[in-house]
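I have placed the structure first, in the form of structure tokens, so that the comments after it can refer back to it.
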Amino acid sequence: MPSLTRHVTCPLCEATCGLSVEITSDHAGEQVTAVRADPDDVFSRGFACPKGLLIGSAHADPDRLMSPLVDGEPVSWERAWQVIDERVRAFDARHGRERLAAYLGNPSVHHLAGTLYGPAVIRAMGSRRVFSASTSDQMPKQVSSLLMFGDGLTVPVPDVDRTDLLVVIGADPLTSNGSLMTAPDMPGRLRALRRRGGRLVVVDPRTSRTARAADLHLAVRPGTDAFLLAAVAQVLTAEGLAVGPGPHVAGVAEVARAVEPFTPEAVADAVGVGAEVIRSLARELAAAPSAAVYGRIGTCTVPFGTLTSWLVDVVNTLTGNLDSPGGVMFPLGAAGQSNSSPASRPRAPRFGRFTTGARGLPEVMGELPSAALAEEILGGHVRGLITIAGNPALSVADGDRVERALAELDLLISVDLYRNETTRHAGVVLPVPGPLARAHLDVVFTQLSVRNVIRWSDPAVADPVPPEWQTLCRLAAILAGAGPQAGVSLVDDATLTALLSTHVTAEGSPVAGRPVTDLVAELADRTGEERLTDALLRLGPYGDGFGARPDGLTLDRVRAHPHGLDLGPLRPRLPGVLRTPSGKVELAPEPLLADVARLRAALDERIAAVDGTLLLVGRRHLRSNNSWGHNIAALVGGSNTCTLQIHPVDAAARGLTDGAAARVTSSAGSVVAPVEVTDRVRPGVVSLPHGWGHAGTGLAVADRAGGVNVNVLTPPQVDPLSGTVVLNGFPVSVMAEATDAERAAWVT
Ligand SMILES: Nc1nc2c(c(=O)[nH]1)N[C@H]1C(S)=C(S)[C@@H](COP(=O)(O)OP(=O)(O)OC[C@H]3O[C@@H](n4cnc5c(=O)[nH]c(N)nc54)[C@H](O)[C@@H]3O)O[C@H]1N2
Ligand SMILES: Nc1nc2c(c(=O)[nH]1)N[C@H]1C(S)=C(S)[C@@H](COP(=O)(O)OP(=O)(O)OC[C@H]3O[C@@H](n4cnc5c(=O)[nH]c(N)nc54)[C@H](O)[C@@H]3O)O[C@H]1N2
Ligand code: SF4
Ligand SMILES: [Mo]
């Protein structure tokens, strides 16, 4: 049988590894026969993780949806569009658009369709009730970046390949493969750091996989990184070690004043790490030729998520490591990056332009907190929901109420691969092609990448399900009132025209003053995500500017390199990268300084608090992928099971042994999970992974793998500056759960 190999970028996580997909043709068409790491990929150079290598199984999953569902039954696409049109009209008549909401899930940023056409659906929906996984994830970093650098995606990433000292806080990149740091092959990159004499410090209440590889592991108490970092900044300023803020930075004196009370001695008890250790960390950061502090989930999804995210970059700035090789740097993405676009102008950030109905929580960057989803529905403020690539039933706080809320909606339309915990409640589910059947270019992750690279993937195989971009365009058209027969091109053309219009009117743009119709004509032989991507590449910093820079990039030029194009190491970008009104790095933005008072109050409370409460933190497993990797048999089982990790001392105090059932209870709910006694969590801390709790979906493997939904325990508490949920470090009680036999014995 003839076989051939196609090269694609793995769309499953932020590492964006290059995969070689072997395809064999027979009478039934093309089949994927093997997936390997692509040794020639310019970025990942032969690395892939178990999930990427099993992407063929995900693609061929027999439980993947191949046709739309209406009320759980397969129907034709025409029927599905008709039903959507009818039900949206009925919804409008009954509730009006403000009661329709959208929830965008994580895979929508790993996908051209979601990135480029998701916004069209939101616009057509005509409601401000937009929720996404961002407020269960990185929104604090986006808020601190917006305030400091002028754009929510101007996030400095650790220059991991050149740094002398990498301090990883609340992240486990050897498990997650990195986040807000696109760096395929973290194992290799961390080995290289050690080989060149560099050091790795990990701050984590658990001895994570990355902590095990570290030279120094600080097992802090959950939720205390803001104290730790404030103390590091205090030492740097008080000891005169803050050498390198540079001419583009404003607010150093204000920061020094703000961190004054947070001496190592003042915070040590709260953090659970000795004052001398904190002091020497600060001195080591100052003395290292280059150093990068990097924070992730454990620094974002905590009560001081935004302050912690800010303090990470305060420390990087004070030590002279902002925008400097080996420190933290700003990538120069090839497509769609606003901080390199002349069309993007400085603007003063505004928050709270509208609020949620139930608690009055403010909007942040056009989004409402995911933690408010359940109460918004149950309180009647939201009666209809559109989910795109999201599984809020498992991923969002207050899980029991989310489940009830989803069941109560008058309208739920989902765009998804599966009928799962969320989409089983949907009136209409619109399927999408499998992960090997889509065109791909990482618009989002090239902006967070430790090296500037650009790669395009054509679909490796064909799929009977139409491309997601077409589905999103048609959904948008119907929401805009164009009727069930509306053509895809209506929304596609409007999206392209809107993009080009902002560029032709921007001073300094290579296409300034040109008629949009000319530019459209130059792209004429393409449609959809290919055409938009071509436009973004051509308008980007390496692009051909539609002829203005004839040697520049176009989609055809990128496509001619199946293993990708390396655009070089990160280079300093200050001050051009900034979009703050002052044109400076704002080291001391007012909303952040104001929140320091809350941090101060929390420090006093922490020190006064009686110890003995258990705090729950999350964790990820190498072979899991949030909530949706559990239907691949080769990925579940073994170390990838949903257990409650508890320290031997805490287990003994509760009479818990390995494998026993424990009842875990928080202010939000209660679950029963099997116990794993391990000294990989510090005393006083227990850990459950998220994305589990599969039952009754019909996903054969996932339902058997089961597990419990940790978010049943997650109270809907948020970091006020970012609206981001506190997933880590909330109190729980844990006790032995009686077995059925024990219960029977009590009764008799
Ligand atoms: N307790 C706790 N909760 C957490 C976290 C935690 O650490 N602890 N982590 C949080 C984080 S960081 C995140 S990002 C969120 C994730 O939360 P969500 O984004 O809500 O959920 P996922 O589990 O990523 O599910 C993605 C959904 O998209 C579908 N899907 C996959 N590929 C595609 C595609 O190409 N197109 C479409 N349309 N659908 C697709 C899948 O079938 C699945 O239903 O969870 C958050 N929740
Ligand atoms: N294998 C796998 N990879 C993934 C995912 C997956 O589900 N599985 N999900 C992807 C997604 S959506 C994301 S956002 C990224 C996340 O990427 P990471 O942030 O690297 O994710 P985690 O592995 O959850 O690491 C968070 C760490 O923070 C620690 N932690 C918890 N609370 C605290 C705290 O208060 N302080 C400190 N210092 N540490 C704390 C936890 O113990 C954990 O080790 O991973 C992505 N990659
Ligand atoms: S680390 Fe694994 S899941 Fe992530 S991009 Fe690479 S192969 Fe894919
Ligand atoms: Mo995430």
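Counting starts at 1 for both ligands and their atoms, following the listed order. Residue indices begin at 1 and follow the sequence shown. Bear in mind that the values here come from a model prediction, so they are computed numbers and not experimental data.
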Using a 4.0 Å heavy-atom cut-off, which part of P107 comes near ligand 1: side chain, backbone, both, or neither? side chain
Is the shortest heavy-atom distance from the side chain of V443 to the side chain of L112 under 4.5 Å? yes
side-chain hydrogen bond (donor to acceptor under 3.5 Å, both in side chains), that's the test. Do S627 and S395 meet it? Break it down for me. CA-CA 7 Å; S627 74; S395 59; over 6 Å; no
For ligand 2, which part of H621 has a heavy atom less than 4.0 Å away: the side chain, the backbone, both, or neither? backbone
Among all protein heavy atoms, pick the one closest to atom 21 (O) of ligand 1 and tell me residue, atom and distance. N391 N, 3.5 Å
Who's the nearest protein heavy-atom neighbour of atom 42 (O) of ligand 1, and how far? D416 OD1, 2.6 Å
Compare S136, G223, P173 and give the one whose heavy atom is closest to atom 35 (O) of ligand 2. G223
Could you identify the single nearest non-hydrogen protein atom to atom 1 (N) of ligand 1 and state the distance to 0.1 Å? N711 OD1, 2.8 Å
Part of S179 within contact of ligand 2 (heavy atoms, under 4.0 Å): side chain
Say whether, by atom type as modelled, one donor and one acceptor occur between the side chain of T697 and the main chain of L699 under 3.5 angstrom. yes
Measure the distance from atom 36 (N) of ligand 1 to every protein heavy atom, then report the residue, atom name and distance (to 0.1 Å) of the closest one. E468 OE1, 2.8 Å
Polar contacts were defined as any N/O atom of the residue lying under 3.5 Å from an N/O atom of the ligand; does this apply to I297 and ligand 2? yes
Do R438 and ligand 1 have an N or O pair less than 3.5 Å apart? yes
Atom 45 (O) of ligand 1 - nearest protein heavy atom and its distance: S395 CB, 3.4 Å
Closest approach of any protein heavy atom to atom 19 (O) of ligand 1, naming residue and atom: N106 N, 2.6 Å
Can you check whether N626 has an N/O within less than 3.5 Å of an N/O in ligand 2? yes
Side chain, backbone, both or neither: the part of N728 lying under 4.0 Å from ligand 2 by heavy atom: side chain
Does one side chain, of S132 or E367, offer a donor that lies under 3.5 Å from an acceptor on the other? yes
Are D204 and R619 close enough for a salt bridge, meaning some N to O gap below 4.0 Å? no
Best match, A389, S108, G105: closest heavy atom to atom 27 (C) of ligand 1: A389
For ligand 1, is there an N or O atom under 3.5 Å from any N or O atom of N420? yes
Classify the side-chain pair N626/H690 by whether it contains a donor and acceptor separated by less than 3.5 Å. yes
N or O pair under 3.5 Å between D137 and ligand 2: no
Between R598 and D719, does at least one N-O distance fall below 4.0 Å, as a salt bridge requires? yes
Any donor-acceptor N or O pair under 3.5 Å, side chains T299, T308: no
May I ask which of G305, G298, S176, S624 has a heavy atom nearer to atom 4 (C) of ligand 2 than the others do? S176
Between E403 and H425, a side-chain donor and acceptor under 3.5 Å: yes
Could you tell me which atoms of ligand 2, counted from 1 in the order shown, lie closer than 4.0 angstrom to a heavy atom of I169? 38 (N)
We want to know whether H630 and S624 form a side-chain donor-acceptor pair, criterion being a heavy-atom distance below 3.5 angstrom. yes
Would you say the side chains of Y418 and N391 form a donor-acceptor pair under 3.5 Å? no
Any atoms of ligand 2 less than 4.0 Å from a non-hydrogen atom of R296? List them with their elements. 14 (S), 19 (O)
If you scan protein heavy atoms around atom 23 (O) of ligand 1, the nearest is S627 OG, 2.5 Å
The option among V685, D204, L616, L228 carrying the non-hydrogen atom nearest to atom 43 (C) of ligand 2 is D204
N/O to N/O below 3.5 Å, does that happen between C13 and ligand 2? no
Are a donor atom and an acceptor atom from the side chains of T387 and T422 found within less than 3.5 Å of each other? no
Top protein contact for atom 9 (N) of ligand 1, by heavy-atom distance: R620 NH2, 3.2 Å
Short N-O contact, D463 and R438, less than 4.0 angstrom: no
Passing candidate, side chain to side chain contact (heavy atoms under 4.5 Å, CB included) with V461, options L436, V8, V21: L436
With atoms numbered from 1 as shown, which atoms in ligand 1 lie under 4.0 angstrom from a non-hydrogen atom of V415? 37 (C), 38 (N), 39 (N)
May I ask you to say whether D172 pairs ionically with R296, meaning some side-chain N is under 4.0 Å from a carboxylate O? no
